[in-house]
Structures are given as C-alpha cells and as structure tokens.
Amino acid sequence: MDYQLSAKTALVTGSTQGIGYAIAALLKQEGATVYINGRTAAKVDAAIAKLNAEVSAGQALPAVADLADDASLASLLEAVPSVDILVNNTGIFEPKAFFDIPDDDWRRFFEVNVLSGVRLSRHYLRGMLDRNWGRVVFISSESALNIPEEMIHYGMTKTAQLAVSRGLAELTKNTKVTVNAILPGPTRSEGVDEFVNQMARQQKITPAEMETKFFHEARPTSLIQRFATVNEVAQMVAYVASPLSSATNGAALRVDGGAVKTIA
C-alpha cells in the first residue's frame with residue numbers, strides 16, 4: 001500500500017527496538033526520512049545500520065537524546081528543528097505491586113511516558129500548524145483503559161497520554177494537522193519477550209505455556225489470545241501518519257486484539 005510518505009520527515013522516539021523500530025522501518029520503507037531516537041549513539045547507530053540493511057527505501061538519520069533530560073532534549077530540538085510526523089513512542093513499564101511503588105517511580109514514569117511527548121509536541125506541533133500539515137501520534141496502550149493492577153503507575157501514564165492527545169487535537173481544528181493515539185494490546189517486543197521468559201523460568205514452564213497462561217489469567221478478554229506483533233502495530237501507525245488518514249483526528253485507535261470490551 002502506498003501511504004504517500006516519500007516526501008515526509010518523521011521523528012520516532014524510542015525507535016532502536018520494539019514497536020518504535022517497527023514503526024521507523026515501515027515509514028522508511030514507504031520512503032520517508034526517519035530520525036531514529038535512542039539514549040546512546042551506539043544503540044542508534046546499530047539500529048540505523050540494521051534498518052539500512054533491511055530497508056533500501058527512505059533514509060534513516062540519528063537523533064540521539066535522553067528525552068527525560070532537559071539538556072539532551074534541547075540538543076535534539078536544535079539538531080532536528082522541524083518534522084512532518086512525530087511519533088511519541090518512548091515509554092517504560094515495570095510490573096510492581098501498588099504498595100511497593102515509591103513516589104520516585106511515579107514521577108519517573110510520568111516524566112518518561114507523558115512529559116517526553118508533551119515537550120516534543122509543544123515544539124513540533126506549532127510548526128505543523130504554521131505549515132498546515134502534520135501528524136502527531138502518541139503510542140498509548142490498552143492499559144490506558146484496562147488499568148493493570150500489576151502496574152497501576154504505567155496505566156496512569158497511558159491514560160494521561162489519551163488526555164494530552166485529545167486536548168492537542170482540539171488545537172488543530174480546521175487545519176490539515178491531526179493528533180491521534182494508538183492503543184496496542186500486549187505486543188511481542190524485546191521487553192515483553194524478556195518478561196515472558198523470566199516468568200517462565202520462575203514457574204518452570206515453557207515460554208509458550210507462559211504466554212497461554214498470561215492470556216488466560218491476565219488478559220482473558222483478549223479475542224486473539226496471543227501477543228500482537230510489532231509490525232501489526234506499525235501498520236496502524238503508518239496509516240495514521242499518512243495523508244490518507246486526513247479525516248481521523250482526536251481518536252484513540254486500538255490494536256489491542258479485542259482486549260478492551262467497551263465499544264466507546
């Protein structure tokens with residue numbers, strides 16, 4: 001499918017692996033110039049080398065920055081002053097019992113998962129509005145709606161992203177700029193693989209058995225009863241980032257495998 005992205009520039013945060021990498025790869029495949037973001041030059045350079053080996057179209061450029069650090073973020077904004085597409089994908093997660101979550105963890109999760117997207121959107125959205133075209137995409141989660149009891153602090157940040165996304169969409173009225181949120185369900189990324197393998201070892205079962213158990217016990221509402229692939233999520237993001245999605249604005253779009261039962 002031609003997403004009409006060959007003349008577009010995109011910044012995908014947290015794009016050295018996982019969902020972010022898959023999004024960057026698909027945007028590059030569609031001909032976009034994609035800035036790859038990670039906290040270290042080594043990780044960014046490795047991701048770009050891998051992208052260039054896998055995808056011949058488009059262009060991948062480095063955007064090294066720790067988005068929770070003010071000085072590092074300022075350097076990124078100076079190096080990449082303008083983009084057509086901003087994908088706020090940077091995020092952290094950690095299963096932890098509510099009574100064991102200290103205040104510093106709540107602050108850290110909000111800083112990384114929410115404020116990184118706020119700061120980048122504050123910078124890039126203005127230029128999009130001035131040029132009368134742009135796409136801002138927040139990678140939220142089905143955990144924004146189904147708050148997981150095993151990581152309430154994470155769910156809180158994903159709900160906050162929905163509020164920010166919808167609020168920013170209000171600023172785009174009568175323009176060709178859109179702001180949307182994507183809600184992946186449980187997705188097989190490197191971090192999730194590590195989590196599943198760790199839990200499998202602890203319970204002395206295979207990773208496949210652990211995946212079945214996870215969906216039976218933790219996500220019984222999932223209709224697909226499996227982890228989504230990062231590419232399945234990336235396809236939705238590429239569409240929302242493209243000119244083809246011009247009538248989709250202020251939306252929270254699910255790639256959750258049916259885990260959320262509500263229809264609104």
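- Considering all non-hydrogen atoms of both residues, L73 and L67 come closest at CD1-CD2, 3.9 Å.
- Aromatic rings from F93 and F195 are positioned such that their centres are separated by 6.0 Å or more.
- Not one N or O on the side chain of S222 forms a donor-acceptor pair closer than 3.5 Å with the backbone of A259.
- In this structure, V179 is not a member of the same hydrophobic cluster as V237, with clusters built from ILVMFWY side-chain heavy atoms closer than 4.5 Å.
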Under the criterion side chain to side chain donor-acceptor pair (under 3.5 Å), I'd like the reasoning laid out for Q17 against K43: C-alpha separation, chi angles, the key distance, then a yes or no. CA-CA 9 Å; Q17 62 179 10; K43 284 189 174 182; over 6 Å; no
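- When the options R219, K158, K261 are evaluated for a salt bridge (charged side-chain N to carboxylate O under 4.0 Å, His left out) with E142, the one that passes is R219.
- Proximity of L26 to Q235: side-chain heavy atoms (C-beta onward) are separated by under 4.5 Å at one or more points.
- The two residues K96 and P102 come nearest to each other via the heavy atoms NZ-CD, 4.3 Å.
- Summarising the local packing, CZ of R131 is surrounded by more than 12 heavy atoms from other residues, nucleotides or ligands at distances under 6.0 Å.
- Formation of a donor-acceptor pair under 3.5 Å by the S72 side chain with backbone atoms of A68 is not found in this model.
- For the pair M156/F110, a side-chain contact is recorded, criterion being any heavy-atom separation below 4.5 Å from C-beta on.
- The hydrophobic cluster containing V260 also contains L162, counting ILVMFWY residues as joined when their side-chain heavy atoms lie under 4.5 angstrom apart, directly or transitively.
- Looking at heavy atoms from C-beta onward, T13 lies in side-chain contact with N89 at the 4.5 angstrom threshold.
- Judged purely by atom type and a 3.5 angstrom limit, E190 uses its side chain to pair as donor or acceptor with the backbone of G18.
- Within a 6.0 Å sphere centred on CD of Q202, other residues, nucleotides and ligands contribute more than 12 heavy atoms.
- Judged by a 6.0 Å distance limit and a 45° cone about the ring axis, K50 is positioned over the six-membered ring of Y21.
- Between the E209 side chain and the T206 main chain, a donor and an acceptor come within less than 3.5 Å of each other.
- E78 CD: 12 or fewer foreign heavy atoms inside a 6.0 Å radius.
- Counting only heavy atoms from C-beta outward, the side chains of R254 and L145 approach each other to under 4.5 Å.
- Within 6.0 Å of CD in E149 there are 12 or fewer heavy atoms belonging to other residues, nucleotides or ligands.
- Environment of CZ in R39: sparse, with no more than 12 heavy atoms of neighbouring residues, nucleotides or ligands closer than 6.0 Å.
- A distance of 9.0 Å separates OG in S242 from CG in D2, rounded to the nearest 0.5 Å.
- Side chain of T187 to backbone of S189: no donor-acceptor contact under 3.5 angstrom is found.
- For the pair S15 (side chain) and V12 (backbone), a donor-acceptor distance under 3.5 Å is present.
- Of all heavy-atom pairs between L27 and A10, the closest is CD1-CB, 3.9 Å.
- Here the side chains of T248 and Y239 are in contact, with some heavy-atom distance below 4.5 Å.
- Note: R108 CZ to I101 CD1 = 10.5 Å, rounded to the nearest 0.5 Å.
- The side-chain heavy atoms of T90 and N37, taken from C-beta on, include a pair separated by under 4.5 Å.
- The distance from the NE2 atom of H153 to the CZ atom of F109 is 3.5 Å, given to the nearest 0.5 Å.
- Here the CG-CZ distance, from L183 to F138, works out to 12.5 Å after rounding to the nearest 0.5 Å.
- For N249, the side-chain hydrogen bond (donor to acceptor under 3.5 Å, both in side chains) test picks out T172, with sequence neighbours left out.
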